[in-house]
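Each remark here refers to the structure printed beneath this line.
Every chain is numbered from 1 and lettered A, B, ... according to where its sequence line falls, protein lines coming before strand lines.
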2 protein chains.
Amino acid sequence: MSLAVHESEYTNTEFTPRQQAVLECALGLLVAGGEKALTTAGLARNANCSKESLYKWFGDRDGLLAAVVAYQASKVHFPPEGGATADTETFRQHLNAFATELLAVLFGETSVALNRLSIGQSNKDDNRLGQLLLQRGKYMISAKARSLLEAGRHRGYLKFDDAEEAYQVLYGLAVRDVHIRLLLGDKARPEEHDLESQAELAVQRFYKLFGT
Amino acid sequence: MSLAVHESEYTNTEFTPRQQAVLECALGLLVAGGEKALTTAGLARNANCSKESLYKWFGDRDGLLAAVVAYQASKVHFPPEGGATADTETFRQHLNAFATELLAVLFGETSVALNRLSIGQSNKDDNRLGQLLLQRGKYMISAKARSLLEAGRHRGYLKFDDAEEAYQVLYGLAVRDVHIRLLLGDKARPEEHDLESQAELAVQRFYKLFGT
DNA sequence: ATCGAACCGTACGGTACGGTACAAATTCGG
DNA sequence: CCGAATTTGTACCGTACCGTACGGTTCGAT
């Protein structure tokens, strides 16, 4: 599956297994109680590690937060293109699958928690977290989407000038204002829980705009 | 102008002029340095008031934050419908104007700062700020948009089943992922600064989906 | 068995900030 | 002009948390 979350199927080169376990615990604290719930003492207590180790591994609290974001981003993989996208129908199914996975990632509680964290820290001097999330989150997805759309254009299924612009339209059609509402603490409406239908409707409208 | 910001043309019944001045100062601190820059001592110093007055007026720090959000929301008015929207062309111009103003509000630094604040506080128990921003911000705009779209449908310019759904599509076409990128600290691309063109393009695509 | 490295748990200093208390100053109605 | 109420400026308290230090423990290597 594209965009799927792998549970460390093999060792992540960036962090040791022990560190990954601690970061996983930090993610849990973040999802449960937000940024202020992620204190160095609290994490040490919950993860059964010492504060000294935290500071040895991550430098300071900001480094810890950056490590959490980087760790989660490292779990989202983009396996190479699904191979033979021969006919029109399977290509459209690929678009549907992409849109569905996009919604699944964006609306997941982990993504919501990390977005809240990064947005809350976006007033810092350098704003490492926001840049990190944009770089290793949105830009990756955008690249994946562009290559998919370019393939569709090359085969004559789609028609557009700028792939980035086309992707942004697809994003807007699929996400609408649901993401910001979730970030603000609103509950998703019932029909918005059916990601498949939402994605299919978005792709349908996308074809009405960019289909041949 | 719809959605225009009025500078307290006449006394806001909710806050005294002195309190409004202090809240204005708080807004400035928020826009400049984010939530952590808005301390009670700092606000008292900058606004030339005492902490005791702050607590007397707003109860506690959370009350102060809520007051800031409520105050800013009270400045955004939705004057009654522009009156005679007779022909097709003027109606479409109204849609363009609405979309432009929507982008102008959402991408303004004040809105960005308040959204960041509310999102950062959305893990609290009751989440007053997020509810407040949703209630007095997004829902108001949504209502305005729905009435506008309903009028278009009634006159035969548009065709859709659910006005709320149609509005969300218009929102997605206009905003795309720019809002979340701004919240994360990304800079808007050059072409995204031309709100008029962006809005016009969005309305053009909206007509392709819902026009008659 | 011994050494050394990494790690755990805890305790502690320093600091920032929310909230309160109080005397001096200012405003304002009568 | 006067007195009451409000506001200001400052000092202060308690708390929460970051960052560090240190004693004790586990565990693999030699």
> Roughly, in whole Å, what's the span from CG in A/N48 to P in D/dT25?
Replying inline: 17 Å

>> Parallel, tilted or perpendicular, judged at 30° and 60°: which one describes the rings of B/Y167 and B/F98?
In response: perpendicular

> Could you give the CD-to-P distance, from B/E35 to C/dA16, as a whole number of Å?
Replying inline: 17 Å

>> Checking A/Y139 now: which residues fulfil side-chain hydrogen bond (donor to acceptor under 3.5 Å, both in side chains) with it, not counting sequence neighbours?
In response: B/D186

Are there any protein N/O atoms within less than 3.5 Å of an N/O atom in nucleotides 18-21 of chain D, and if so, which ones and at what distance?
{"unit_1": "D/dC18", "atom_1": "OP1", "unit_2": "A/R61", "atom_2": "NE", "d": "2.8"}
{"unit_1": "D/dC18", "atom_1": "OP2", "unit_2": "A/T40", "atom_2": "N", "d": "3.1"}
{"unit_1": "D/dC18", "atom_1": "OP2", "unit_2": "A/T40", "atom_2": "OG1", "d": "2.9"}
{"unit_1": "D/dG19", "atom_1": "OP2", "unit_2": "A/Y55", "atom_2": "OH", "d": "3.2"}
{"unit_1": "D/dG19", "atom_1": "OP2", "unit_2": "A/R61", "atom_2": "N", "d": "2.9"}
{"unit_1": "D/dG19", "atom_1": "N7", "unit_2": "A/K51", "atom_2": "NZ", "d": "2.7"}
{"unit_1": "D/dG19", "atom_1": "O6", "unit_2": "A/K51", "atom_2": "NZ", "d": "2.6"}

>> Tell me the interatomic distance from B/K124, atom NZ, to C/dG18, atom C1', rounded to whole angstroms.
In response: 12 Å

> Which heavy atom of A/C49 sits nearest a heavy atom of A/L54, and at what distance?
Replying inline: SG-CD2, 3.8 Å

> What is the distance, rounded to the nearest whole Å, between atom NZ of A/K36 and atom P of C/dG18?
Replying inline: 14 Å

> What is the distance, rounded to the nearest whole Å, between atom CG of B/L43 and atom C1' of D/dG9?
Replying inline: 15 Å

>> Can you measure B/K56 atom NZ to D/dT8 atom P for me and round it to whole angstrom units?
In response: 12 Å

> Taking the six-membered ring for Trp, are A/F210 and A/F160 parallel (under 30°), tilted (30 to 60°) or perpendicular (over 60°)?
Replying inline: perpendicular

> Once you round it to whole Å, what is the distance between P of C/dG18 and CZ of B/F58?
Replying inline: 15 Å

> Nearest heavy-atom pair of B/L117 and B/L129: which atoms, and what distance?
Replying inline: CG-CD1, 4.0 Å

> Think A/W57 has a side-chain N or O under 4.0 angstrom from the OP1 or OP2 of C/dC7?
Replying inline: yes

> Can you tell me how far CG of B/L133 sits from CZ of B/R128, rounded to the nearest 0.5 angstrom?
Replying inline: 13.5 Å

> What's the shortest heavy-atom distance between B/K51 and B/A41, and which atoms?
Replying inline: CD-CA, 4.1 Å

>> At 4.0 Å (heavy atoms only), tell me whether B/R18 reaches a base, stays on the sugar-phosphate, or touches nothing.
In response: sugar-phosphate

>> Distance check needed: D/dT8 C1' versus B/Q19 CD, whole Å only.
In response: 15 Å

>> Measuring to OP1 and OP2 of D/dT8, would you say a side-chain N or O of B/S53 lies under 4.0 angstrom away?
In response: yes

